[in-house]
Every structure is written in C-alpha cells, then in structure tokens.
Amino acid sequence: MTTIATNVYDVIIVGAGASGMVCALECARAGLRTLMLEKEQQPGRKILISGNGRCNLTNRHVSAENYYADPALINSTLKHFSFEDCCKYFEELGVLLTEEANGRIFPATGKATAVSDALKTALKEAGVEIEIEQEVNKIHAAAVQFILTTKQKSIFHAHHVVLACGSCAYPHVTGTEAGYELAKSLGHTVVEPLPVLSGLCIKERALTRLSGVKCQVRTTVKNVPSAQAEGELIFTNYGVNGPAVLNISHTVSQELTKGPVPLEINFFPQLKDPGKFLEGRLDTFGHRKPKDFFTGILNEGITNLLIDFVGMRKNAPMNEQYAARAFQTLQAWPVTVTAMRPWKEAMVAAGGVSTEEINLDTLESHLHPGLYMVGELLNVDGKSGGFNLHFAWASGFIAAHAIEEE
C-alpha cells in the first residue's frame, strides 16, 4: 500500500542515530515540524553499544588534532559546539556526567541508556515525529521541496532534508551503505569507506602465545613515523587490539591499500633514558638469568617470547650484549599487519561524503540548497575516546540551527 503525504514537513531527518536525534531535537525546539525516518525498530541503537555500553560521549581534549578530517571543518564545528557546550547540553537533558582518565566523559550511571533515554524523552517532549522501519531509498530534489520514498512504499515531503544515515561500520547493529548511495544519487562524491577503530590482524603467529596479555606500550607505523599511539595494547588470537592500536588504525587502514603494514611496539614508552635504565639494571641484576632479569618490568609471557626472539641462553647469566639486543627489540618490536578486522568489528568508518561539497559552517550541501549531511556519513573520523560521538552531536546541532536561521 502506498501512502502519499498531503502536507510538507519543515525538516525530515533520515536516520535516528546520535547526530540525527540531536538535529531533530533542536529543529523541533525551534518550532519546526520535524520528522525522523529510521530504518530500525528503535532510534539510537549504536549509542547503546558505544564505549563498551557506557557511551563515552565527549572528551575534554577535543580538538582538530584528534580527527582525520579537514581541520577547517573541525575548528568550525568546535567553535559552534565545544566540549563545554556538549557537557552543558547533556546536563540540561538531565544526564549526570563523570570524567575518567584521558579526559573521557561518561554518564555517571555507567550505562549508555542514560544518554539514549534522555534524548528519546526530550524528542517526545519536543513533539518530534518518528517513523520507524522506514528506510529511505530515493530522494528527489524538486523545485521547492524534497520528495522522499522508502522501501516500504511510503512517500514524504519536506522543505529541508538532513542525511544522518551513519556509515557502514557495525553492520550487525545499524551500519549500512544506504546513506552513501543516497548522497551519490544527489550528485555527491563519496570517499571510499575503510574500517577504522578496530583490531589488527598480524602475520607473526608466535604472538598468539600472548593472547589475553595486556600492556602499556607505544605503537608506531614504521612507514609513517608520525602515526603513533600510546596506551593499552591487548594481544589476541588474531593479532592486536586496544587503544594503542585503535588510535593508529586510520593510518594502518590507509596503508593496507598498498600492502602489508610494518609496525613497531615499544614496551617501555615511559623510559626517558632507556640506556641509563638498562645500565643500572645490569649493575644490579646482571648476575640473573634472562627470565629473572626481566621480572618486575615485563610480562612473563613477553619475556619468554623475547628470549626465543633474541636467542638468549635461558640458564646463563644476562650479559651486556644480550641485554642491549633485548632492550633494542623491546623498544621497536616488529610486527606486520596483514588486514583490519572485519566491518562488524570496526567502530567507525574512515571516508564518506566529501566535505569539499558542503558548507563547513552549516553542513549544507553546495549542490542542493536545503540538503544537509551530518555525523559519520561525512568523511570525518576521530580517534578513540569520545571524539566521534562529539562530532555526531555537534554536527546535528549545527545543521539544525542553520536550518532554523533560514
């Protein structure tokens, strides 16, 4: 059955994720008749799994340096919706916030539902209309309005349209390429999406012996020395994961298009003078066997692997030559990345709609006045730690207020 709308909405938002919900809320609060079209059964599903179900919703250190995007876009975005603005926004929605290590902000309840439920309640109070299980597959830009058609054969009309469809990351939750296809159908360029913020598969199978081991390291992409990350690394049965991996994954994903990617792992990033530290340790513990020499500074599993890797004699006292080789290895342990983990494990997608084709201050399309694009649909991705959600909230907020000002 085909339903044809006889009236026209001020704004239709395609997608009810983080950016879409904030955009809809702000549009409705401005007195605009607002409709959200969501292909899933409920809005905000991806919010519920963000931050391991705790929703790391922003970061005190949010800045252009933490994004892979046009710096002018990020700087403009943060000018309109800063860290302080974000915290105030959710506090005014009734969400009590707490700050954790590295400036990460979470709801004090420790549950992402605190954020999603607060948004849903506010949307209801503001009078936002929501149509679930309505997947838009065609948008026609008519002379004075947009005509949207869904797979379910429904037709909707609007003066303004906001594409908040998200990316193809996490396809088992909400991820889809539908937003890219809609943007392309309207003449926009889409930079090929690549999985980021995910674990890395590595060639060296011996390291699977360390599966489950966690350690604080610094990782470096050997071919791109500026791509470094410091933090926890987790060894897995396929390779490596953890913040020290996630925050170089953008560069690794790009480099993998050329072939395998060499990495270096520094197990002692905290040492300002490794040579002096080693000299002192040899003076004190040089009489010990290798395994005992590293007791207290290195995980036992890593020590065992190191002994084999360097070729040390297990029962002989440590000597200066072996110690130097071992420390050199521990500061630049080589691994080779062969692949990213699959899309279902990628938290975010690099790539998306080219930001060269939108107004960086309003997020309005240069090709179609009245069309806006927000959130992860755009060619913007941030590091781990709340940066991607901050951009989602911010871009939805900015687009809504640009529409209001029209």
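Every value quoted in this text rests on a predicted model; they were computed, and no experiment measured them.
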Are any side-chain N or O atoms of [X] and backbone N or O atoms of [Y], one a donor and one an acceptor, separated by less than 3.5 Å?
{"X": "Arg341", "Y": "Glu345", "answer": "no"}
{"X": "Gln331", "Y": "Phe327", "answer": "yes"}
{"X": "Glu38", "Y": "Ala16", "answer": "yes"}
{"X": "Thr220", "Y": "Lys222", "answer": "no"}
{"X": "Asn56", "Y": "Thr58", "answer": "yes"}

Ignoring hydrogens and angles, state whether a donor on the side chain of [X] or [Y] is under 3.5 Å from an acceptor on the partner side chain.
{"X": "Thr219", "Y": "Glu264", "answer": "no"}
{"X": "Ser365", "Y": "His188", "answer": "yes"}
{"X": "His159", "Y": "Gln145", "answer": "no"}

Would you check if the distance from the ring center of Trp333 to the ring center of Phe309 is below 6.0 Å? yes
Verify whether the ring centers belonging to Phe397 and Phe81 lie closer than 6.0 Å. yes
Is the positively charged end of Arg54 above the ring of Phe106, judged by distance under 6.0 angstrom from the centroid and angle within 45° of the axis? yes
Let's go through Glu230 and Arg218 carefully: what are the C-alpha distance in whole Å and the side-chain angles of both, what is the deciding distance for salt bridge (charged side-chain N to carboxylate O under 4.0 Å, His left out) to 0.1 Å, and is it a yes or a no? CA-CA 4 Å; Glu230 194 165 323; Arg218 181 187 301 124; 3.3 Å; yes
Stepwise salt bridge (charged side-chain N to carboxylate O under 4.0 Å, His left out) test for Glu65 and Lys383: CA-CA 9 Å; Glu65 288 71 29; Lys383 295 179 180 179; over 6 Å; no
Is there a ring-ring contact (aromatic ring centres under 6.0 Å, His included) between Tyr170 and Trp343? Walk through the geometry before answering. CA-CA 6 Å; Tyr170 276 168; Trp343 274 111; 10.0 Å; no
Criterion salt bridge (charged side-chain N to carboxylate O under 4.0 Å, His left out) on Glu133 and Lys39, from CA distance to verdict: CA-CA 4 Å; Glu133 297 184 300; Lys39 66 182 179 63; over 6 Å; no
Answer yes when Lys276 and Glu279 have at least one side-chain N-carboxylate O distance shorter than 4.0 Å, and no when they do not. no
In sequence, state the C-alpha distance, the side-chain angles, and the governing distance for Lys258 and Glu255, and then conclude on salt bridge (charged side-chain N to carboxylate O under 4.0 Å, His left out). CA-CA 6 Å; Lys258 308 170 191 174; Glu255 289 293 302; 3.1 Å; yes
Under the criterion side-chain contact (heavy atoms from CB on, under 4.5 Å), which of Met36, Arg33, Lys120 is the partner of Val128? Met36
Just say parallel, tilted or perpendicular for the rings of Phe146 and His368, cut-offs at 30° and 60°. perpendicular
If I take atom CG from residue Asn388 and atom OH from residue Tyr67, how far apart are they, to the nearest 0.5 angstrom? 6.5 Å
